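Here the structure comes first, spelled out in structure tokens, and everything after it is commentary.
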Amino acid sequence: MKLILKIGDLKSAIKEIENLSLKQFEKDFLTLTSTETEKLLREFEKSDSGYNFLSEVITYTLEAFLGDPIYGGNPNGIAWKYLDHRAGF
């Protein structure tokens, strides 16, 4: 699996999701219901580019959520508090 999205790849994937949304539901992606969003992303995931894009988005989200706050994510260690994690132990 290829990791590290380039800006062009990111823009391309977002356009692909938006086009799929307009084709399937005749409305913008951001206006879809949670059920429609799930259905659309499951369909998008079936393509190689969709799978790679969604895998990377999940990876970046987890890094931001669980990373050390000194790197800019996880403000005030909120995720660590939620998970009852004590840094350094």
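Just so it is clear, the structure is predicted and the values come from calculations on it, not from any experiment. Residue numbers run from 1 in the order of the sequence given.
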Is there a continuous path of hydrophobic side-chain contacts, each under 4.5 Å between heavy atoms, that joins [X] to [Y]?
| X | Y | answer |
| --- | --- | --- |
| Ile14 | Val57 | yes |
| Leu62 | Leu41 | no |
| Ile58 | Phe53 | no |

Can you measure from [atom1] ([X]) to [atom2] ([Y]) and round to the nearest 0.5 angstrom?
| X | Y | atom1 | atom2 | value |
| --- | --- | --- | --- | --- |
| Phe44 | Asn19 | CZ | CG | 10.5 Å |
| Leu10 | Lys15 | CG | NZ | 11.0 Å |
| Thr61 | Glu56 | OG1 | CD | 11.0 Å |
| Leu40 | Lys23 | CG | NZ | 11.0 Å |

Can you confirm whether [X] sits close enough to [Y] that some side-chain heavy atom of one is under 4.5 Å from a side-chain heavy atom of the other?
| X | Y | result |
| --- | --- | --- |
| Ile78 | Phe65 | no |
| Trp80 | Pro69 | yes |
| Glu16 | Leu20 | no |

Without swapping roles, check the side chain of Ser55 against the backbone of Tyr51 for a donor-acceptor pair under 3.5 Å. yes
Got a list of side-chain donor-acceptor pairs under 3.5 Å for residues 28-35, not counting sequence neighbours?
| from | atom 1 | to | atom 2 | distance (Å) |
| --- | --- | --- | --- | --- |
| Thr31 | OG1 | Asp28 | O | 2.7 |
| Thr33 | OG1 | Glu36 | N | 3.1 |
| Thr33 | OG1 | Glu36 | OE1 | 3.4 |

Salt bridge between Asp84 and Arg86, side-chain N to carboxylate O under 4.0 Å?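 Salt bridge present between Asp84 and Arg86.
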Using a strict threshold of under 4.0 Å (side-chain N to carboxylate O), is an ion pair present between Glu43 and Lys39?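 No, this pair does not count.
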